[in-house]
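No hydrogens, no waters, no symmetry mates; every other heavy atom, side chains included, goes into these values.
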Amino acid sequence: EVQLVESGGGLVQAGGSLRLSCVVSGFTGDDYTIGWFRQAPGKEREAGSCFSSADISTYYLDSVNGRFTISDDNAKNTVYLQMNSLKPEDTAIYFCSINTDLRTARPLCEGLVPPDYWGRGTQVTVSS
């Protein structure tokens with residue numbers, strides 16, 4: 001079974017940076033599409049950043065575009081989310097997710113195709 005474990009969350013001041021990690025285990029395929037979703041208190045879960053190893057595509061929602069960067073280290077089975085210029089409105093639980101059949105990033109981030117598996121999340125808190 002595929003498992004995703006996030007780490008790297010914490011408390012940071014506005015304008016600061018954090019790097020989240022997602023270690024993927026149990027996946028035996030060649031390609032995958034990873035999405036970093038987030039859920040703020042009282043709000044629905046939303047996708048922010050997605051990456052596909054099949055076509056090396058990335059996709060970002062407008063709210064994080066230019067500030068967040070998603071990347072992967074295939075040798076370590078790890079996907080990263082580098083978050084810069086953090087804002088208080090970025091405060092949320094961040095979840096890593098994977099779709100094992102999708103071959104491009106955008107549909108996952110736009111909610112057109114759901115993930116197959118989820119991690120348990122890591123808390124990010126940005127103070128003003």
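- To the nearest 0.5 Å, atoms CZ (F95) and CH2 (W118) are separated by 7.5 Å.
- Judged purely by atom type and a 3.5 angstrom limit, T33 has no side-chain atom pairing as donor or acceptor with the backbone of A105.
- Looking at L81 and S49, their side chains come closer than 4.5 Å, going by heavy atoms from C-beta outward.
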(Q) The test is side chain to side chain contact (heavy atoms under 4.5 Å, CB included); show your working for M83 and V124 and say whether it passes. (A) CA-CA 10 Å; M83 305 187 296; V124 172; 3.9 Å; yes

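- Q82 contributes atom CD, which lies 12.0 Å from atom CD1 of I70 (distance to the nearest 0.5 angstrom).
- Residue pairs meeting the salt bridge (charged side-chain N to carboxylate O under 4.0 Å, His left out) criterion with at least one member in residues 56-76, sequence neighbours excluded, are R67-D90.
- Nearest heavy atoms, Y117 versus L4: O-CD1, 3.6 Å.
- For Y32, the ring-ring contact (aromatic ring centres under 6.0 Å, His included) partners at least two apart in sequence or on another chain are F27.
- Nearest heavy-atom pair, W36 versus S21, reported as atom, atom and distance to 0.1 Å: CH2-O, 3.6 Å.
- Residue Y59 shares its hydrophobic cluster (ILVMFWY side chains chained together at separations under 4.5 Å) with L61.
- Taken to the nearest 0.5 Å, the CD1 atom of I34 stands 9.5 Å off from the SG atom of C50.
- When side chains are defined from C-beta on, V2 counts as touching I98, because their heavy atoms get closer than 4.5 Å.
- Residue pairs that meet the side-chain hydrogen bond (donor to acceptor under 3.5 Å, both in side chains) test with at least one member in residues 2-16, sequence neighbours left out, do not exist here.
- The stretch residues 106-127 participates, sequence neighbours left out, in these salt bridge (charged side-chain N to carboxylate O under 4.0 Å, His left out) pairs: R106-E110.
- The aromatic rings of Y94 and F68 sit tilted, their planes meeting at an angle between 30° and 60°.
- Smallest separation of non-hydrogen atoms from S17 and N84: OG-OD1, 2.9 Å.
- Sorted by first then second residue, the salt bridge (charged side-chain N to carboxylate O under 4.0 Å, His left out) pairs that include residues 7-32, not counting sequence neighbours, number zero.
- Closest approach of Q39 and K43 over heavy atoms only: NE2-O, 3.1 Å.
- The side-chain contact (heavy atoms from CB on, under 4.5 Å) with T122 is formed by just one residue from the set I93, L18, L20; it is L20.
- A14 and S128 get closest at one heavy-atom pair: CB-CA, 4.4 Å.
- Taking hydrophobic clusters as Ile, Leu, Val, Met, Phe, Trp and Tyr residues chained together by side-chain heavy-atom distances below 4.5 Å, I56 shares a cluster with V79.
- Hydrophobic cluster membership is shared by V126 and Y60, with clusters built from Ile, Leu, Val, Met, Phe, Trp and Tyr side chains linked at under 4.5 angstrom.
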